[in-house]
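Below is one structure, written out as structure tokens; the observations come after it.
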Amino acid sequence: MKSDIDQEEIAKRRGIYFPAFSIYGGSSGLFDYGPYGSIIKENVQNIWKEMMFAEGPVTLLDSPALTLQAVLKASGHYDRFFDYSVQCKACKTKFRADDIVESLGLKVVLDQDYLNKVIKENNIKCPKCGGDFDDVKIHKLMFQVDQGENVDPLFLRPETAQGIFVNFKEFYRFFREKLPFAVIQLGRGYRNEISPRRGLYRLREFNMMECEVFLDPLDEKWVNEPYNDFKIHYVTNTDEELFITPKEAYEKGIIKSQPLAYFTGFAFKFYKRIGLDENKIRFRQHKKEDLSHYSSDTWDAEALTDLGWIEITGIAHRGTYDVGRHIEYSGKDLYAQRIVEPHKEKRIEIEPNFKEIKKDFGDKAGEVIKAINNGSKSVFIDNAEISLEKYIIKRDVEVTVDRESFVPIVVEPSFGLDRIVYALLDHNFSKREENGYIYLKIPPEVAPFVAGIYPLFPKEDLERVANDVYHRLLKDGLRVIYDDSGSIGKRYARYDEVGVPFGITIDYDTLKDNTVTIRFRDTTEQIRVSIDELSSKLRELVWTGRKS
RNA sequence: GCGAGUGUAGUGUAGCGGUAGCACAGAAGCUUCCCAAGCUUCUAACCCGGGUUCGAAUCCCGGCACUCGCACCA
């Protein structure tokens, strides 16, 4: 599995990506994308965005990375704010302190002192070797940003999704109150990983492309049918391996949710288009015990790389969890509505009996009315509990109902951009059989430059024409790069290595007949075209070089 | 975060108490030269901070980073 091509060595040497702040020693889990890498990454992002918009009812959000504490309390992240670990002194095995306490049927409170006390008092031993435990240690999983003494801190978001959920009503209106629709967000997330490692695989600050699909639970269907024109490698939670189309996966009940099935296909198409090796992609269903607290079903897309199978995308069924929690915690109406057959419904209307309340409570009437409006059964006035029963007027009414509220469910395809870039490089660095030179065979539309412009050798007349060609292509909106240093073979090799798919060479024939050669990265073959048709030829080559 | 190992030009490495060499890459030039050719010249490094020593890249301590295991991984 381990290839003899060292991705990190090339990435560092050629400025694709490299450790950030390295002149000061760096900091683990932080990387810079250099000149080539940031363009490749941006191209991948743009293709994803373009494909998402092509779905139809999809819009974009850009929300802050700094997130209010209240939002993360509602989302449940705040409770997982700390990781409590405890280590066996003897065998050095580490456990989650809350798991240890829970496994013995003891009450779990997520508090360092509490867990420490429980483990010490109950004399809990290491389940592996029976040794004594060291003290409980905590690890913060979210980065906290203090605002000042009397204000709750902010947190760097651990995922971009919450920004979308809290704005559900905004989008619901934008889509004129019709489901389904989806909102995408591209941005950075932050997690204080205990040990960030393996280059781009586990970062403290990472790029995500997230999509939240909002659906009516009674009509859980995305606007497009699951694909039926290609087969995907699925691994179920019972380790069954299947090669079937997304449509089959849905119809056979392998994937119960239509949008979940659909987006496995979407992800697969996207991977193929940006140039991942389709034979090194699989979709693996989370085991029941590995599912997150909110999800009933999750499928991870995994790519086979030097690091083994790595997770590059998670497609999760989040149910009504997210919007439901924000309704609960914010007290705001984040419901969607569906049209139903108009029908009469009996209801009981409640109204405070203002006269009686004023009579009995005088200037405390306000408190009582407030309590009634909050739905309380009783209220404390001057330390006495008073039943509100007799101050409420109840009326039986009949209303016509033609719509009902519900909490939308969410399906979330969430793409880890850095890992996708990692896999993309891993799948595309190739070695030429004849000479062992490395080239990066990524699709033209992902490549950092469409073409390199090279005078055959450094003579003033050739350089002048090459420069004209270069500026002409730039004006035509093509991303090209000019290079006249070293031999022509060296220049070809230099840009092969970073994936530039075409080389335009200006030679002595160019001076005679205004033609240049286009040399192909993957085959090293050349064709001759006139300078006038160069732009349109390159565009055509980029287009036909598209995968899927 | 724990344990083990490793940090020398952009990259890969040599040197292991007397202040750095090689290869490739890079720059300038020569070469009528289409696949990293050759020649000349040049640029460029001891992870950071302390200590020991007359003298430290080399020995010791601390930090940082990387690799591998353990643990963690919404």
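Below, chain A is the first sequence line, B the second, and so on; all start at residue 1.
At the heavy-atom level, A:R197 lies under 4.0 Å from base atoms of the strands shown. Nucleic acid contact class of A:I488 (heavy atoms, under 4.0 Å, all strands): sugar-phosphate only. Residue-level contact check: A:E311 touches neither bases nor backbone, having no heavy atom under 4.0 Å from any strand. Using a 4.0 Å heavy-atom cutoff across all strands shown, A:T505 reaches at least one base atom of the nucleic acid. Looking at heavy-atom distances under 4.0 Å, A:T517 makes contact with a base. Among the heavy atoms of the strands, none lies under 4.0 Å from A:S295. Counting non-hydrogen atoms under 4.0 angstrom, A:D507 reaches a base of the nucleic acid.
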Close N or O pairs between protein and nucleotides 7-13 of chain B (under 3.5 Å):
unit_1 : atom_1 : unit_2 : atom_2 : d
B:U11  : O2'    : A:E9   : OE2    : 2.5

List, with names and distances, any nitrogen or oxygen atoms from the protein found under 3.5 Å away from nitrogen or oxygen atoms belonging to nucleotides 40-47 of chain B.
none

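The side chain of A:R198 approaches B:C68 more closely than any other nucleotide in the set B:C35, B:C68, B:A28. Of the candidate nucleotides B:C34, B:U67, B:C73, B:U67 has the atom lying nearest to any side-chain atom of A:E8. Nearest nucleotide to the side chain of A:S27, out of B:A65, B:C73, B:A74: B:A65.
When the C1' atom is used for both B:C72 and B:U13, the distance is 35 Å, rounded to whole Å. Taking atom P on both B:A23 and B:U41, the two are 13 Å apart, rounded to the nearest angstrom. Comparing B:A74 with B:G15, their P atoms sit 45 Å apart, to the nearest whole Å. Distance noted for atom C1' between B:G3 and B:G21: 36 Å (whole Å). Distance check on atom P: B:G10 versus B:A27 gives 15 Å, rounded to whole Å. Atom P of B:C59 sits at a distance of 22 Å from the matching atom of B:A65, rounded to the whole Å. Spacing of P atoms, B:A56 relative to B:G51, comes out at 11 Å, to the nearest Å. Comparing the same atom, C1', in B:A20 and in B:U8 gives a spacing of 8 Å after rounding to whole Å.
Put simply, CG on A:D306 is 13 Å from P on B:U67, counting in whole angstrom units. Summarising the geometry, the separation between CZ on A:R204 and C1' on B:C72 is reported as 12 Å, rounded to the nearest angstrom.
Cation-pi check for A:R284 over A:W309 is not met; the charged atom does not lie both under 6.0 angstrom from the ring centroid and within 45 degrees of its normal.
Donor-acceptor pairing under 3.5 Å is lacking for the side chains of A:Y201 and A:T305. Remark: the A:H471 side chain and the A:N467 side chain contain an N/O donor-acceptor pair separated by less than 3.5 Å. No hydrogens or angles considered: nothing links the side chains of A:D496 and A:Y437 as a donor-acceptor pair under 3.5 Å. A:T515 and A:D513 are linked by a side-chain donor-acceptor pair at a separation below 3.5 angstrom, with hydrogens and angles left out of the test. Remark: the A:Y492 side chain and the A:T524 side chain contain no N/O donor-acceptor pair separated by less than 3.5 Å.
Nucleotide B:U6 is matched to B:A65 when pairs are restricted to Watson-Crick or G-U wobble geometry with both distances under 3.5 angstrom. Of all nucleotides present, none satisfies the Watson-Crick or G-U wobble test against B:U53 with each distance under 3.5 Å. For B:A45, there is no paired base (Watson-Crick or G-U wobble, both distances below 3.5 Å). The pairing partner recorded for B:U40 is B:A28, the criterion being a Watson-Crick or G-U wobble arrangement whose two distances lie under 3.5 angstrom. As the counterpart of B:U58, no nucleotide is assigned, since no Watson-Crick or G-U wobble pattern has both distances under 3.5 Å.
Put simply, A:R318 has no side-chain N or O that comes within less than 4.0 Å of OP1 or OP2 on B:A74. Using a 4.0 Å cut-off, some side-chain N or O of A:Y437 falls inside it from OP1 or OP2 of B:A36. Put simply, A:S487 has a side-chain N or O that comes within less than 4.0 Å of OP1 or OP2 on B:A37.
Of the options A:F266, A:Y271, A:F415, a ring pair (Phe, Tyr, Trp, His ring centres under 6.0 Å) to A:W48 is made by A:F415 and by none of the others. For the side chain to side chain donor-acceptor pair (under 3.5 Å) test with A:K287, the passing option among A:D239, A:T238, A:N237 is A:D239; the others fail.
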Are A:K490 and A:S485 close enough, and set up right, to give a side-chain contact (heavy atoms from CB on, under 4.5 Å), and what steps lead you there? CA-CA 9 Å; A:K490 202 171 218 177; A:S485 87; over 6 Å; no
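The aromatic rings of A:Y17 and A:F31 sit perpendicular to each other, their planes meeting at more than 60°, with 30° as the lower class boundary.
Of the possible polar contacts, none joining the A:R197 side chain to the A:R202 backbone as a donor-acceptor pair under 3.5 Å is found.
Sequence neighbours left out, not one pair with a member in residues 452-464 of chain A passes side chain to side chain donor-acceptor pair (under 3.5 Å).
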